Every structure is written in C-alpha cells, then in structure tokens.
Peer 1: 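My questions will all concern the structure given below.
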Amino acid sequence: MQFLDLVKQRYSCRSYQEKSVIDYLMECVRFAPSAVNKQPWQFRIVTDEAGIAKVRECYPRRWFLTAPMYIICSILHDEEWVRADGKHHGDNEEPAVLIPLGYAADEPKLKERKPIEQILK
C-alpha cells in the first residue's frame with residue numbers, strides 16, 4: 001500500500017466497541033523503529049475504572065469518553081536530561097501522548113480537506 005492511500009483511508013474514530021485490541025497493538029509498538037534502537041518509551045495501559053475516570057477528566061469530549069481503554073505513552077530520558085531540566089519526572093519519564101483505544105463502532109466519513117494551494121506558501 002502506498003503511504004498516500006493509507007493516509008486517505010485514515011479517519012478519527014468517534015465511537016468504540018468494547019472489544020480489546022491491546023495485545024496486537026503492543027506487539028506492533030514493540031517492533032516500531034527508534035533511533036539507534038534506544039526504544040525511549042514507556043507505555044501505561046489504563047483499563048481499570050478508577051484510572052479510566054482520571055484519564056477522562058483530562059479530555060471530557062463525548063467521543064473520547066466512549067473508549068474502553070487508554071494508553072499513556074511517555075518518553076524516557078537519561079539522567080543528563082533530568083539534571084539539565086531541573087525537574088524530576090519520576091524515573092526520567094515525560095508523559096507525551098494520551099491515546100483512546102478500541103475497535104471503531106462508527107464508519108469513516110468523507111474527509112473535507114483544504115486544497116494544497118491554501119496550505120502551502
């Protein structure tokens with residue numbers, strides 16, 4: 001598949017099924033490339049009710065609240081980063097991405113995008 005074809009098929013899911021996708025997804029993540037194979041990431045999978053409630057407080061949009069689980073992706077830094085930054089992020093960890101996760105319960109909609117002339121200067 002060409003990358004442009006993939007991008008055109010991508011859509012933002014706004015409704016999720018209750019079925020879990022975590023095993024498949026984390027195996028894909030595990031094999032993702034990283035610079036010099038450093039793999040500077042840490043993932044927290046949030047599936048318990050208390051954790052889900054806390055995550056949902058961060059972004060209380062209706063569609064976001066339908067996800068059955070969430071992944072918090074953090075970047076791991078070496079000790080030099082912690083000293084230079086002047087802060088301690090717990091195990092040299094910096095939260096970077098909050099991902100709602102689940103199987104789509106809705107269908108893709110036609111994308112409306114600006115013409116290239118409007119976004120390229």
Side-chain angles (χ1 to χ4, degrees):
M1 173 180 280
Q2 294 292 319
F3 183 72
L4 183 57
D5 295 332
L6 178 65
V7 170
K8 286 180 177 180
Q9 291 178 19
R10 186 217 60 83
Y11 81 103
S12 298
C13 178
R14 297 295 188 231
S15 181
Y16 296 92
Q17 299 176 28
E18 293 184 25
K19 186 167 111 176
S20 176
V21 298
I22 201 67
D23 292 336
Y24 176 78
L25 179 66
M26 293 315 298
E27 191 66 5
C28 292
V29 167
R30 193 169 74 86
F31 282 98
S34 66
V36 293
N37 199 27
K38 202 166 187 178
Q39 302 172 57
W41 44 65
Q42 182 89 52
F43 298 90
R44 298 185 195 288
I45 300 167
V46 182
T47 57
D48 64 285
E49 287 186 34
I52 287 173
K54 284 185 179 181
V55 169
R56 288 177 176 171
E57 288 176 13
C58 297
Y59 192 70
R61 299 286 301 264
R62 185 182 319 181
W63 67 267
F64 188 80
L65 304 177
T66 67
M69 66 177 60
Y70 301 89
I71 295 178
I72 301 170
C73 176
S74 297
I75 303 301
L76 301 177
H77 299 279
D78 56 26
E79 274 303 312
E80 291 178 25
W81 178 83
V82 174
R83 285 193 299 270
D85 183 87
K87 301 175 184 173
H88 181 68
H89 296 278
D91 298 326
N92 307 337
E93 188 176 327
E94 178 184 14
V97 181
L98 176 59
I99 306 166
L101 191 63
Y103 283 99
D106 57 5
E107 295 293 325
K109 296 178 183 171
L110 182 62
K111 290 182 180 66
E112 293 184 27
R113 308 304 283 178
K114 293 179 181 177
I116 193 73
E117 298 82 17
Q118 287 185 13
I119 62 170
L120 182 61
K121 298 231 177 201

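Predicted model only: the values in this text are computed from it and were never measured.
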Peer 1: Is any side-chain heavy atom of Ser12 less than 4.5 Å from a side-chain heavy atom of Trp63?
Peer 2: no
Peer 1: Would a single hydrophobic cluster contain both Ile75 and Val97, if residues Ile, Leu, Val, Met, Phe, Trp and Tyr are joined by side-chain heavy-atom contacts under 4.5 Å?
Peer 2: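 The answer is no; the residues belong to distinct hydrophobic clusters.
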Peer 1: Using atom types as modelled and distance alone, determine if a side-chain donor or acceptor of Arg56 lies under 3.5 Å from a backbone N or O of Ala67.
Peer 2: yes
Peer 1: Roughly how far, to the nearest 0.5 Å, is CH2 of Trp41 from CG of Leu76?
Peer 2: 10.0 Å
Peer 1: When rounded to the nearest 0.5 angstrom, what distance separates CG in Leu25 from CD1 in Ile99?
Peer 2: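 Here the rounded value is 7.5 Å.
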Peer 1: Are any non-hydrogen side-chain atoms of Lys8 and Leu4 less than 4.5 angstrom apart?
Peer 2: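 Side-chain contact under 4.5 Å: yes.
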Peer 1: What's the separation between atom CD in Glu117 and atom CD1 in Ile119, rounded to the nearest 0.5 Å?
Peer 2: 9.0 Å
Peer 1: Is there a side-chain contact between Arg62 and Phe64 (heavy atoms, below 4.5 Å)?
Peer 2: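 Not touching, per the 4.5 Å side-chain cut-off.
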Peer 1: Can you tell me how far the NZ atom of Lys109 sits from the CZ atom of Arg14, to the nearest 0.5 Å?
Peer 2: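 The distance works out to 8.5 Å.
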Peer 1: Give a yes or no on whether Asp48 atom CG has more than 12 heavy-atom contacts from other residues, nucleotides or ligands under 6.0 Å away.
Peer 2: yes
Peer 1: Looking only at non-hydrogen atoms, find the nearest pair between Arg30 and Gln39 and report the distance.
Peer 2: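 Result for this residue pair: O-OE1, 4.3 Å.
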Peer 1: Quick one: closest heavy-atom pair of Pro60 and Cys58, and the distance?
Peer 2: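 Looking at all heavy atoms of both residues, the closest pair is CD-C, 3.9 Å.
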Peer 1: Start with the C-alpha gap between Val46 and Lys54, add the side-chain angles, then the distance that decides, and say whether side chain to side chain contact (heavy atoms under 4.5 Å, CB included) holds.
Peer 2: CA-CA 10 Å; Val46 182; Lys54 284 185 179 181; over 6 Å; no
Peer 1: Does Leu65 belong to the same Ile/Leu/Val/Met/Phe/Trp/Tyr cluster as Ile52, with side-chain heavy atoms less than 4.5 Å apart forming each link?
Peer 2: no
Peer 1: Are the side chains of Ile22 and Ile71 in touch, meaning some heavy atoms are under 4.5 Å apart?
Peer 2: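 They are in contact (side-chain heavy atoms under 4.5 Å apart), so the answer is yes.
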